[in-house]
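Everything below concerns the one structure shown next.
Counting from 1, the numbers follow the sequence of the chain as shown. Remember, it's 1-based here, ligands and their atoms both numbered in the order they're listed.
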Amino acid sequence: MVKVVVLSGGVGGARFLLGLKAALGLPPIGPPASEPPSEPTDRRSNTGEHDISAVVNTGDDIWVHGLRICPDLDTCMYTLGGGVDIDRGWGRADESWVVKAELAGYGADPDWFGLGDRDLATHLIRTRMLHEGYPLSVVTAALCTRWRPGVRLLPATDDRCETHVVVTDSQGLRAMHFQEWWIRHGAALPVSEFVQIGADDAQPAAGVQEAIAEADAVLLAPSNPVVSIGSMLAIPAIRRALRSTTARVIGLSPIVGGRAMRGMAETCLATIGVRCEAGAVAEHYGARVAGGILDGWLVHTGDAATVPGLEVREVPLLMTDIAATAAMATAALDLAGLAV
Ligand code: FO1
């Protein structure tokens with residue numbers, strides 16, 4: 001039995017987790033047949049043979065119409081639980097948008113956020129539980145008793161730690177939530193800074209530090225290094241946990257052939273002054289022996305990268321289907337010293 005922890009964003013991270021489950025002999029979607037009935041905060045193995053915990057970015061989380069939305073947690077939960085809309089990569093399959101249209105009928109702000117009718121139930125349950133005092137980690141585990149993703153989904157933190165962007169354009173300097181920049185403005189406004197509001201005081205959610213400390217391998221999914229992985233590394237105790245775990249920490253480059261595979265990573269990297277190259281992202285994360293968090297780094301075949309203190313391997317990194325993603329996950333586990 002191996003214990004694997006994955007730091008994950010939304011769409012890309014969820015796609016990687018499907019492949020990791022397959023690499024460990026688990027059905028990519030849903031629970032394994034042998035999954036024991038688990039209590040929300042149960043720390044026993046979530047899959048019988050192997051134990052996968054995903055530490056998921058909560059920097060995208062946002063209050064919309066009084067509801068707490070957790071885009072990356074919901075994307076992972078729906079994708080691994082079989083409820084996601086495959087084409088969009090987020091939100092629910094067979095979705096409708098009646099409530100969104102009715103809200104627009106009232107001129108209710110925001111009108112730019114895609115609030116689906118089926119998705120709404122998740123936000124209503126989550127918001128009610130949060131108001132009753134349950135931490136996000138317990139809310140997430142409770143939602144997962146329905147979706148049964150076959151991995152433990154852990155919010156990076158139960159505290160408020162939202163990513164906001166500082167925009168400088170003709171209207172001068174202003175700040176907005178990452179989701180508004182991302183969705184309303186299509187990430188087209190020039191950003192001078194990403195700010196993880198609350199990161200300094202945020203504590204890892206229940207189970208996060210233990211999972212990282214007890215892991216046999218820790219993987220950084222090929223998620224956005226700035227607003228997904230970076231938002232989690234901004235939480236001091238998460239960075240400390242990664243630097244002190246006995247597991248090897250292996251990252252998979254989200255940059256292939258000098259291009260980001262998803263979601264504006266080029267723009268985000270340029271904002272923080274990191275070149276859009278596999279090696280530059282690894283240097284940004286840093287080798288653990290040099291004060292960073294990585295022990296190994298997978299780059300796409302042909303994207304040679306030499307980073308002092310890091311073991312770098314070249315493997316195909318295009319998540320074209322579950323088999324290709326499973327091969328990536330196997331290569332990452334192998335670099336972590338786990339033969340699965
Ligand atoms: N992405 C969009 O591009 N447009 C949307 O209207 C939108 C709504 C939305 C609602 C719930 C949810 O869980 C995700 C949603 N996303 C939407 C995706 C989300 O904004 C991004 O996938 C991540 O935040 C990017 O990391």
Side-chain angles (χ1 to χ4, degrees), residues 7-17 54-81 83-101 103-104 108-127 136 139-140 143-144 147 149 153 155-156 161-165 176-189 191 194 196 220-234 254 260-269 271 319:
L7 268 66
S8 172
V11 178
R15 196 173 295 165
F16 177 70
L17 284 162
V55 177
V56 181
N57 173 45
T58 52
D60 294 3
D61 296 3
I62 182 173
W63 287 105
V64 171
H65 302 300
L67 300 172
R68 191 66 177 165
I69 318 281
C70 299
D72 287 354
L73 280 166
D74 290 350
T75 295
C76 288
M77 182 174 73
Y78 291 152
T79 300
L80 298 170
V84 77
D85 179 278
I86 302 286
D87 297 332
R88 283 198 304 271
W90 55 266
R92 290 280 283 104
D94 308 320
E95 188 56 286
S96 55
W97 312 92
V98 175
V99 171
K100 181 173 186 286
L103 286 164
D109 182 53
D111 60 358
W112 45 265
F113 190 82
L115 194 62
D117 298 320
R118 292 179 186 274
D119 199 24
L120 197 52
T122 300
H123 311 318
L124 288 167
I125 298 285
R126 177 185 296 119
T127 302
L136 181 58
V139 174
T140 303
L143 293 169
C144 287
W147 290 103
L153 290 186
C161 181
E162 293 177 1
T163 303
H164 287 228
V165 302
M176 67 180 75
H177 192 287
F178 168 78
Q179 289 294 309
E180 182 172 0
W181 175 71
W182 181 270
I183 298 172
R184 187 180 197 183
H185 299 289
L189 298 180
V191 173
F194 291 102
Q196 281 79 26
L220 271 58
S223 298
N224 187 307
V226 181
V227 294
S228 297
I229 303 294
S231 295
M232 293 189 275
L233 299 181
M261 301 319 297
R262 271 169 314 284
M264 311 297 170
E266 282 112 307
T267 309
C268 298
L269 287 167
T271 299
M319 298 193 283

request  = Under 4.0 Å, heavy atoms only, figure out whether ligand 1 is touched by the backbone of Asp119, its side chain, both or neither.
outcome  = side chain
Output a table of donor-acceptor pairs, distance under 3.5 Å, between side-chain atoms of residues 182-189 and any protein atom two or more places apart or on a different chain; print 'none' if there are none.
unit_1 : atom_1 : unit_2 : atom_2 : d
Arg184 : NH1    : Glu180 : OE2    : 2.6

ask   = How close does the nearest protein non-hydrogen atom get to atom 15 (C) of ligand 1, and which residue and atom is it?
value = Trp90 CE3, 3.4 Å
key: Expected output: side-chain Asp111 to main-chain Ala104 donor-acceptor under 3.5 Å   = no
ask   = Of all residues at least two apart in sequence or in a different chain, which pass the ring pair (Phe, Tyr, Trp, His ring centres under 6.0 Å) check with Trp147?
value = Tyr78
message = Starting from atom 3 (O) of ligand 1, what is the nearest protein heavy atom, named by residue and atom, and what distance separates them?
response = Ile183 CG1, 4.1 Å
query = Can you tell which part of Asp72 has a heavy atom less than 4.0 Å from ligand 1: side chain, backbone, both or neither?
reply = side chain
note = re atom 6 (O) of ligand 1, the protein heavy-atom contact at minimum distance is Gly114 N, 2.9 Å
task = Give a yes or no answer on whether the side chain of His177 reaches the backbone of Asp61 with a donor-acceptor pair at less than 3.5 Å.
result = yes
message = Looking only at protein heavy atoms, which one is nearest to atom 22 (O) of ligand 1, and what is the separation?
response = Val11 CG2, 4.1 Å
task = Could you check atom 25 (C) of ligand 1 against the protein and tell me its nearest heavy-atom contact, residue, atom and distance included?
result = Asp60 OD2, 3.5 Å
request  = List the closest protein heavy-atom neighbour of atom 13 (O) of ligand 1: residue, atom name, distance to the nearest 0.1 Å.
outcome  = Pro71 CA, 3.2 Å
key: His123 vs Cys70 side-chain heavy atoms within contact, under 4.5 Å   = no
Option passing side-chain contact (heavy atoms from CB on, under 4.5 Å) with Ile62 (candidates Ile69, Leu67, Thr163) = Ile69
inquiry  = Checking side-chain contact (heavy atoms from CB on, under 4.5 Å) between Ile229 and each of Ser8, Pro222, Ser223, which is the one that passes?
reply    = Ser223
Closest approach of any protein heavy atom to atom 21 (C) of ligand 1, naming residue and atom = Trp182 NE1, 3.8 Å
inquiry  = Does only the side chain of Gln179 get under 4.0 Å from ligand 1, or the backbone, or both, or neither? Count heavy atoms.
reply    = side chain
